[in-house]
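Just the heavy atoms: all of them, side chains too, but no hydrogens, waters or symmetry mates, feed the values below. Here the structure is a predicted model, which means the values were calculated and not measured.
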Amino acid sequence: MEFIMPVFALIATPAVRIRSDGCAILQALPMEHLGARGMTEARTLAEISTAVTLYGERTAGAHPGRSFSISVHIRRGDRKPRGFDAAYRTGALGTDRWVLMVDNDADGARILHGRSAAETGNMASCKGDVA
């Protein structure tokens, strides 16, 4: 019996986290994408995480200063690796590594609509931040 490798699509979507009343809200432009969709075959969560990192680095290089999140979709009919849903939901796959944190809606709107991180001045990377 031949094992069919699951195929995943990776899509970068402009997104920011906006600090508001002690929490952080993710705001995204779900109908907008940065660059081409990435396709990868993966059997394990580690392989998916590696693919997300490589795709994110390529996207960040092609769109310097943009804040984005990566969504991961499995091809219809394929089986997800054990623990995929929990890892995706908790951010363990690294999909939000390139999402920037801002203090208000105006800064978030500027970033979402294409102004670079350097132009806004008052944001910090979301790496390591917990909402």
Legend entry - Atom pair CD1/CG of I18 and L100 - distance to nearest 0.5 Å: 11.5 Å
Inset, instruction - Calculate, to the nearest 0.5 Å, the distance between atoms CD1 and NE2 belonging to I11 and H33 respectively. - result: 5.0 Å
Identify whether [X] and [Y] are in the same connected component of the hydrophobic contact network (ILVMFWY, side-chain heavy atoms under 4.5 Å).
| X | Y | value |
| --- | --- | --- |
| Y88 | I48 | yes |
| V72 | L34 | yes |
| V7 | F84 | no |
| I70 | L45 | yes |
| V102 | L29 | yes |

Legend entry - Within 6.0 Å of CZ in R75, more than 12 heavy atoms from elsewhere: yes
How far apart are the closest heavy atoms of [X] and [Y], and which atoms are they?
| X | Y | answer |
| --- | --- | --- |
| S69 | D96 | OG-OD1, 2.5 Å |
| L10 | T40 | CD1-CG2, 4.3 Å |
| A9 | R37 | CB-CD, 3.7 Å |
| D78 | M5 | OD2-O, 4.0 Å |
| R43 | E47 | N-OE1, 2.5 Å |
| F68 | R66 | CD2-O, 3.7 Å |

Legend entry - Candidate pair E32 and T13, rule side chain to side chain contact (heavy atoms under 4.5 Å, CB included), full reasoning: CA-CA 6 Å; E32 300 283 329; T13 303; 5.6 Å; no
Legend entry - Y55 ring center near F8 ring center (under 6.0 Å):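 Here the rings of F8 and Y55 have centres that are no less than 6.0 Å from each other.
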Legend entry - Side-chain donor/acceptor of T95 to backbone N/O of G91, under 3.5 Å: no
Inset, instruction - Before giving the answer on side chain to side chain donor-acceptor pair (under 3.5 Å), spell out for R17 and S67 the whole-Å C-alpha distance, their side-chain angles and the decisive distance to 0.1 Å. - result: CA-CA 9 Å; R17 284 201 194 281; S67 178; over 6 Å; no
